[in-house]
Number of protein chains: 2
Amino acid sequence: MDKQTRLNLIRNLIVGNNIENQEQLQAMLAERNIQVTQATLSRDLKSLKVSKSHSSQGGYYYAVSEGESKRGTRDNFIGDISRGFLSMKFSGNMGVIRTLPGYANTVAVAFDSLGLDEILGTVAGDDTVIFVIKEGVTKEMLKSVLRKNFPSLYI
Amino acid sequence: MDKQTRLNLIRNLIVGNNIENQEQLQAMLAERNIQVTQATLSRDLKSLKVSKSHSSQGGYYYAVSEGESKRGTRDNFIGDISRGFLSMKFSGNMGVIRTLPGYANTVAVAFDSLGLDEILGTVAGDDTVIFVIKEGVTKEMLKSVLRKNFPSLYI
DNA sequence: TAGTCTATTGCATAAATATACAAAAATTGG
DNA sequence: CCAATTTTTGTATATTTATGCAATAGACTA
């Protein structure tokens with residue numbers, strides 16, 4: 001478990017859950033067998049430029065800031081995907097990927113270019129990619145393939 | 001100086017300046033002869049749903065959440081949708097919205113911003129929006145929700 | 001290889017923010 | 001006007017987050 005992997009996971013956890021404070025985040029990481037101190041999380045959240053907001057229900061939640069969090073020049077497909085990727089969800093034979101604003105096209109192109117047999121095609125908007133899964137391929141089969149291709153993403 | 005006035009001033013100060021913490025905000029208010037404690041500011045920021053973000057220079061800044069500062073309100077989204085909307089059709093777990101030319105993106109953004117639980121994601125072209133319906137949600141359920149949100153549209 | 005440099009982390013603690021509680025101020029209904 | 005109720009605020013303190021420092025590990029150079 002290196003730092004970059006932890007950062008990606010944290011980003012995913014933040015996007016996919018309502019996390020109220022660093023203690024809670026620490027607990028979620030612990031469930032995944034990642035042990036870090038609050039101090040490290042404070043630094044991680046800073047480097048991800050995560051902001052803390054008030055929810056309308058009175059609590060708090062973390063949010064990943066628009067864009068800024070990562071800008072770099074890794075030029076392989078997996079790098080492109082890692083950089084913009086936020087979350088992936090499924091519905092029937094369709095999948096929806098949320099990305100940082102403006103990254104959808106990059107992610108979709110990278111996805112296409114990998115030539116995954118399980119995916120029939122993709123369409124990209126600005127921060128959303130929709131793709132169609134090949135008939136007969138289950139969510140679980142696809143997830144397993146994706147995890148193999150992107151061990152850093154926690155899909 | 002009543003509370004509402006102070007809240008408005010705080011919002012303006014936050015939008016117009018880079019304020020790093022409550023102490024700084026307190027000082028700016030003091031310059032304007034408004035004396036309050038940090039505790040009160042903490043409550044004020046909560047009621048304004050101000051979030052604290054990391055700047056790319058390493059510092060912090062407060063930001064007023066979309067809903068409160070800009071007119072990113074529900075009413076405006078509904079207006080945006082009504083203006084460009086032409087028709088909505090379904091196929092399986094997918095929906096297709098036709099709009100006036102050029103309106104697709106606006107409609108999609110508005111749709112997304114409403115945060116409808118039933119919709120997984122959207123992609124916009126020029127005059128067409130495609131969206132994916134969440135698994136387990138039927139056409140009829142979605143239509144019913146949409147009719148409630150947009151009584152003026154014939155969905 | 002030894003020495004140097006850099007990155008990452010935990011520990012302890014500082015700094016920043018939130019809140020329980022009580023008091024003061026404002027509002028409401030006779 | 002008064003009494004009852006609600007709102008707003010400060011004080012003191014709890015909670016949450018950030019950071020100085022030292023330790024460790026890996027990378028790089030000569």
Side-chain angles (χ1 to χ4, degrees), chain A residues 1-11 13-15 17-65 68-74 79 82-83 151-152 154, chain B residues 1-11 13-15 17-65 68:
Chain A
M1 163 59 55
D2 67 346
K3 185 180 178 181
Q4 194 50 52
T5 308
R6 187 182 68 233
L7 290 179
N8 276 326
L9 174 55
I10 288 174
R11 190 160 62 191
L13 289 174
I14 283 172
V15 171
N17 303 275
N18 263 39
I19 300 181
E20 295 229 330
N21 54 40
Q22 297 177 8
E23 196 182 349
Q24 216 175 93
L25 177 57
Q26 190 178 31
M28 297 188 76
L29 289 170
E31 285 173 11
R32 291 162 178 74
N33 290 315
I34 299 171
Q35 313 288 343
V36 280
T37 59
Q38 174 269 321
T40 296
L41 293 182
S42 172
R43 297 182 183 111
D44 285 356
L45 295 182
K46 181 173 191 169
S47 82
L48 287 171
K49 296 209 195 318
V50 165
S51 64
K52 189 177 188 178
S53 307
H54 296 272
S55 81
S56 29
Q57 288 76 37
Y60 298 87
Y61 65 96
Y62 286 115
V64 181
S65 86
E68 302 214 32
S69 63
K70 272 185 146 196
R71 203 138 305 209
T73 41
R74 279 163 77 193
S82 307
R83 202 168 322 118
S152 62
Y154 288 85
Chain B
M1 163 60 55
D2 67 347
K3 185 179 178 180
Q4 195 51 52
T5 310
R6 187 183 66 235
L7 289 179
N8 280 327
L9 175 55
I10 288 174
R11 189 156 60 196
L13 288 174
I14 282 172
V15 171
N17 301 275
N18 263 39
I19 301 181
E20 295 230 330
N21 53 40
Q22 296 177 9
E23 195 181 350
Q24 217 174 93
L25 177 57
Q26 190 178 31
M28 297 186 76
L29 289 170
E31 285 172 12
R32 291 162 178 76
N33 291 316
I34 300 171
Q35 313 288 344
V36 280
T37 60
Q38 173 268 322
T40 297
L41 293 183
S42 172
R43 297 181 185 110
D44 286 355
L45 294 182
K46 180 174 192 169
S47 81
L48 287 171
K49 296 209 196 319
V50 166
S51 64
K52 189 176 187 178
S53 307
H54 296 272
S55 80
S56 27
Q57 288 77 37
Y60 298 88
Y61 65 96
Y62 286 114
V64 183
S65 81
E68 307 283 337

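Chain letters run A, B, ... following the sequence lines, proteins first and then strands; every chain starts at 1. Note that the structure is a prediction, hence the values are computed from the model and not measured.
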Between Gln35(A) (CD) and dT9(C) (C1'), how many Å, whole number?
14 Å
Atom pairs and distances, donor-acceptor, side-chain atoms in residues 22-30 of chain B, under 3.5 Å, two or more places apart:
from     : atom 1 : to       : atom 2 : distance (Å)
Gln22(B) : OE1    : Gln38(B) : NE2    : 3.0
Gln24(B) : OE1    : Glu20(B) : N      : 3.3
Gln26(B) : NE2    : Val36(B) : O      : 2.6

Heavy-atom check, side chain of Lys52(B) versus side chain of Leu45(B), under 4.5 Å:
no
Between the base of dA15(C) and the side chain of Glu23(B), is there a donor and acceptor pair under 3.5 angstrom?
no
If I take atom CG in residue Asp44(A) and atom P in nucleotide dT9(C), what distance separates them, rounded to the nearest angstrom?
7 Å
Using OP1 and OP2 only, check whether a side-chain N or O of Thr40(B) sits under 4.0 Å from dT9(D).
no
From CD1 of Ile10(B) across to P of dT17(C) the rounded distance in Å is 13 Å
Test side-chain contact (heavy atoms from CB on, under 4.5 Å) applied to Leu9(A) and Arg6(A), step by step:
CA-CA 5 Å; Leu9(A) 174 55; Arg6(A) 187 182 68 233; 5.6 Å; no
Can you tell me how far P of dT17(C) sits from NE2 of His54(A), to the nearest Å?
10 Å
Side chain of Tyr60(A) only, please: which of dA18(C), dT17(C), dT16(D) is the nearest?
dA18(C)
From CD of Gln26(B) across to C1' of dG10(D) the rounded distance in Å is 12 Å
Among the nucleotides dT17(D), dG10(C), dA16(C), whichever has the atom closest to the side chain of Lys52(A) is dT17(D)
Rounded distance (nearest 0.5 Å) linking atom CD1 of Ile19(B) with atom CD1 of Ile10(B):
8.5 Å
Just report the end-to-end axis angle for the helix from dT1(C)-dA30(D) to dG30(C)-dC1(D), five pairs per end, to 10 degrees.
40°
OP1 or OP2 of dT19(C) less than 4.0 angstrom from a side-chain nitrogen or oxygen of Lys46(B), does that happen here?
yes
Atom CD1 of Ile34(B) and atom C1' of dT8(D) are separated, to the nearest Å, by 15 Å
Set out, line by line, the N/O atom pairs under 3.5 Å between protein and nucleotides 20-22 of chain C.
from    : atom 1 : to       : atom 2 : distance (Å)
dA20(C) : N6     : Arg43(B) : NH2    : 2.7

Under 4.0 angstrom, heavy atoms only, what part of the nucleic acid is Ser42(B) near: base, sugar-phosphate, or nothing?
base
Could you grab the distance from atom CG of Asn18(A) to atom CD of Gln57(A), nearest 0.5 Å is fine?
8.0 Å
OG (Ser55(B)) and NZ (Lys46(A)) are apart, to the nearest 0.5 Å, by 8.5 Å
What I'd like to find out is whether the side chain of Lys49(B) reaches to under 4.5 Å of the side chain of Ser56(A), using heavy atoms alone.
yes
May I ask you to test the Arg11(A)-Ile14(A) pair for a side-chain heavy-atom distance under 4.5 Å?
no
When you get a sec, tell me which of dA16(C), dT19(D), dA18(D) is the closest nucleotide to the side chain of Gln22(A)?
dA18(D)
Tell me if the side-chain of Gln38(B) makes a donor-acceptor pair with the base of dA18(C), cut-off 3.5 Å, by modelled atom types.
yes
How many angstroms lie between atom OH of Tyr60(A) and atom OG of Ser51(B), to the nearest 0.5 angstrom?
12.0 Å
So what does Gln24(A) hit on the nucleic acid, given a heavy-atom distance under 4.0 Å: a base, only sugar-phosphate, or nothing?
nothing
Taking 4.0 Å as the cut-off, does a side-chain nitrogen or oxygen of Arg6(A) come that near to OP1 or OP2 on dT9(C)?
yes
Can you tell if the side chain of Leu48(A) reaches within under 4.5 Å of the side chain of Val64(A), non-hydrogen atoms only?
no
Can a side chain N or O of Tyr62(B) be found less than 4.0 Å away from OP1 or OP2 on dA16(C)?
no
In whole angstroms, how far is the C1' atom of dT16(D) from the CG atom of Leu25(A)?
13 Å
Leu48(A) CG - dT8(C) C1' separation (whole Å):
15 Å
